[in-house]
Amino acid sequence: QKEVEQNSGPLSVPEGAIASLNCTYSDRGSQSFFWYRQYSGKSPELIMSIYSNGDKEDGRFTAQLNKASQYVSLLIRDSQPSDSATYLCAVYFGNEKLTFGTGTRLTIIP
Amino acid sequence: GAVVSQHPSRVICKSGTSVKIECRSLDFQATTMFWYRQFPKQSLMLMATSNEGSKATYEQGVEKDKFLINHASLTLSTLTVTSAHPEDSSFYICSATNRQGATGNTIYFGEGSWLTVV
């Protein structure tokens with residue numbers, strides 16, 4: 001069974017610091033990786049996608065992918081209280097289905 | 001951008017009754033729609049995948065006779081929870097895509113529907 005694993009947290013980070021979120025996946029053949037942010041009681045919203053090894057930056061967000069280690073991470077620089085949410089890692093295993101991790105709950109402390 | 005709308009956003013029903021949740025793609029034709037369920041503090045669990053005009057494909061462990069999915073048009077899919085029980089209380093989320101081989105950045109999520117069965 002194809003799996004996506006995340007540390008459930010909660011992860012507490014001071015405002016202005018860097019938040020680091022991690023995710024591992026089971027299928028070495030996976031090609032597409034996504035980070036979603038979900039506020040309590042709301043639907044997920046896509047914040048980053050990454051397909052190639054290395055880093056991808058978008059504003060305060062940086063996604064990092066290491067296919068050899070089957071590891072994908074999300075860094076949030078200059079963390080803001082509005083970044084407090086659950087972050088879901090999702091992997092596309094090539095069967096038209098996204099598989100989500102359990103999510104990491106992030107709290108930014110003012 | 002593409003928008004997927006769900007209705008109702010919240011519904012309370014009595015145990016034993018059925019409730020229908022609608023998922024509409026507002027500005028694109030959704031060839032495939034996905035239905036997820038999310039219990040508190042847990043991840044999204046895919047329930048079924050539906051393609052317009054054909055029967056839905058259910059994930060292992062999801063009762064197809066209890067969770068009826070209809071994808072009758074390219075803009076509308078419905079999920080009917082039949083003979084609902086309190087353990088069916090959950091957050092139900094649909095998503096839709098208009099692409100073959102959809103990936104995360106071509107799948108659009110609805111706002112979700114909170115179901116409470118009393």
Side-chain angles (χ1 to χ4, degrees), chain A residues 1-11 21 23-25 27 29-52 56 58 61 63 65 72 74 85-107, chain B residues 1-7 9-10 21 23 30-52 54 56-62 89-116:
Chain A
Q1 185 172 352
K2 302 185 190 300
E3 295 179 346
V4 178
E5 296 192 0
Q6 295 180 254
N7 187 322
S8 62
L11 175 66
L21 305 162
C23 172
T24 59
Y25 58 94
D27 185 2
S30 302
Q31 297 295 319
S32 306
F33 309 87
F34 308 90
W35 283 99
Y36 287 83
R37 177 175 61 198
Q38 187 177 25
Y39 292 113
S40 181
K42 303 294 183 182
S43 259
E45 56 178 318
L46 181 67
I47 53 173
M48 287 287 286
S49 59
I50 187 166
Y51 307 99
S52 304
K56 178 182 178 182
D58 183 1
F61 299 98
L65 175 61
V72 57
L74 179 70
T86 296
Y87 288 81
L88 299 167
C89 173
V91 178
Y92 178 61
F93 288 119
N95 56 357
E96 296 204 4
K97 301 176 187 177
L98 274 181
T99 299
F100 288 87
T102 52
T104 298
R105 190 154 48 97
L106 173 65
T107 301
Chain B
V3 177
V4 175
S5 176
Q6 266 184 259
H7 177 81
S9 58
R10 290 183 180 273
I21 301 170
C23 178
T31 53
T32 305
M33 288 186 168
F34 305 89
W35 286 95
Y36 295 86
R37 178 171 53 185
Q38 186 178 36
F39 292 109
K41 298 187 179 181
Q42 295 188 23
S43 191
L44 279 72
M45 297 303 297
L46 181 64
M47 299 175 67
T49 303
S50 72
N51 293 296
E52 185 266 339
S54 61
T57 302
Y58 290 81
E59 295 299 301
Q60 190 173 8
V62 178
S89 300
S90 187
F91 189 43
Y92 292 86
I93 308 171
C94 75
S95 65
T97 182
N98 59 355
R99 300 232 188 136
Q100 293 294 326
T103 61
N105 59 355
T106 60
I107 295 176
Y108 306 99
F109 283 88
E111 309 97 326
S113 300
W114 282 100
L115 170 63
T116 302

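The structure displayed is predicted, hence computed values, not measured ones. Letters A, B, ... are given to chains in the order of the sequence lines, protein chains preceding strands, and every chain is numbered from 1.
- When atom types are taken as modelled, the side chain of Q6(B) and the backbone of Y92(B) share a donor-acceptor pair closer than 3.5 angstrom.
- Classification of the F109(B)-Y36(B) ring pair by plane angle, with boundaries at 30° and 60°, yields tilted.
- Looking at D27(A) and V91(A), their side chains never come closer than 4.5 Å, going by heavy atoms from C-beta outward.
- Between the side chain of S43(A) and the backbone N or O of G110(B) there is at least one donor-acceptor pair closer than 3.5 Å.
- For E45(A), no part lies near chain B; criterion is any non-hydrogen pair under 4.5 Å.
- Residue E59(B) touches chain A through its side chain alone, counting heavy-atom pairs closer than 4.5 Å.
- Contacts of I93(B) with chain A are made by side-chain atoms alone, with heavy-atom separations under 4.5 Å and no backbone atom involved.
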